[in-house]
Amino acid sequence: MTAAQIDPKLLEILVCPLTKGPLKYDANAQELISEKAGLAYPIRDGIPIMLVDEARKLDGAE
Amino acid sequence: MTETKEEGTNWAERGAFWARTAPQGLSDQDHGNQAIIAAAGIEEGDHVLDIASGAGEPAISTAIAVGETGSVTAYDANPEMLAGTRQRAENLGLKNLRFEIGQMESLPFDDNTFDAVTCRFGIMFPDDAVAAVGEAVRVLKPGGRVAYMVHGVAEENTLYTVLRDTVWAYFNEQPSSTHNRRFRFSKLGELTELLTAAGLEDIEERKVQENQKRPSEGRMWQRLLDRSYGKRLAGMSDEQLENLHAAIKTAFEPYLRGDHYELLSTDMLGSGRKP
C-alpha cells in the first residue's frame, strides 16, 4: 500500500491549479479537494493528477 | 494558432513511446542536464521543480545533484511520460523524487516554493509561453533561478535534420510547418526576450553544443525515429521498414568516423533570476 501513498511533503506545497487555494486530502477516496473550485483532483498510483479535465465536480458545484 | 507536431498531438501515445525508449537509469543526455543544473544554480539540498519532465531529463540528473537532503518534483501533463521517469528513479534507488501531473500554464504549487525551476524541451509548446514562464517565476523563491533548454536551429542538429529529411524523402513529402514549434526560441536572443518579458533579471543565454558520438553498429536513430514518427511507422510492413532503415543508414554515412558517427547537437540554454 505504501507504493500508492502520496508523498506528504508534496501535499504541503500543493494548491489548486485554478484558484491557487488550499487543497484537502481525502485519503480514502484518494482525491485532492478544492472547495473553492468545486473540484476533486484524483490521485492515481500516488501521483496527483492536477488537470481540470480529469477532476470530479463536487456535489453542489456549478 | 498554427499548432502542429511532427505527427499527431497525442501525447499519451507519444508518452508510451518515450517511456519505452528512455534510458533505464542514468541519462545519456547528461551533458545538457549538467548545463541546466549549473545555469539554474542548483546545489545540494535544493528543492527543485522540473517542468515538462517527460521521460526524466533533467529530473534524474538533478535528483542526484541535490542529494538526499534535496528534492525534485517531476511535473508533466502526461502520466505515461512520468511512468518512465518513476521507473528510472526506482532503478537507481533515488528516493528524493516526487511526481505530479498538470499543465505548465497553471502550476498547482504555492508561491515561493522552489529553490530552482528547470525545463528541458518544454517551453516551446504552450501558446502563451510568457504566461508559462510567469507561473514558474511565481512558484520560485525570490533570488532563485529558472533555466530553460530548447532545441537549437535545425541546421546545427545533425541527427534530427538528416533523419527528418530522409523520412520526408521516403514518404515523398515536402517539409511542412509541422516543425515550427520544435524550433521556437531556437535562435540566440529569443529565450532572452521571453525571460525578460516574464520579469526575470540577470538573464544568461548560450548555445550548448556537443559532437555526440553514436555507435555505427545498430540503429542509433531508432529512438528519435520512434519518438518523432512512431505512429506512421506502425502502419508500415517489415519490408518497408527495412527499406526506410537502409535509406537512413545511407544518409548518415557522411558522418561515420571509424566505429562511430559524429553528430553535431545544438541546444539553447536560457536562465534568469527571480527579483
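Naming convention: chains lettered A, B, ... in sequence-line order (proteins, then strands); numbering from 1 in each chain.
Using a 4.5 Å cut-off between heavy atoms, B:Glu105 does not touch chain A at all.
Looking only at side-chain heavy atoms (C-beta outward), B:Ser106 and A:Met50 stay at 4.5 Å or farther from each other. Here the side chains of A:Val52 and B:Gln103 are not in contact, with every heavy-atom distance at 4.5 Å or above. Counting only heavy atoms from C-beta outward, the side chains of B:Arg86 and A:Ile47 approach each other to under 4.5 Å. By the 4.5 Å heavy-atom criterion applied to side chains, B:Phe99 and A:Asp45 are not counted as neighbours. With a 4.5 Å cut-off on side-chain heavy atoms, B:Asn96 and A:Lys9 do not count as touching.
Scanning both residues, B:Leu107 and A:Val15, for their nearest heavy atoms gives O-CG2, 4.4 Å. Of all heavy-atom pairs spanning B:Phe109 and A:Leu14, the tightest one is CE2-CD2, 3.9 Å.
Here A:Leu23 contributes atom CG and B:Asp110 contributes atom CG; the two are 10.0 Å apart, rounded to the nearest 0.5 Å. Rounded to the nearest 0.5 Å, atoms CD1 (A:Ile13) and OG1 (B:Thr113) are 6.0 Å apart.
Within a 6.0 Å sphere centred on CD of B:Glu90, other residues, nucleotides and ligands contribute more than 12 heavy atoms.
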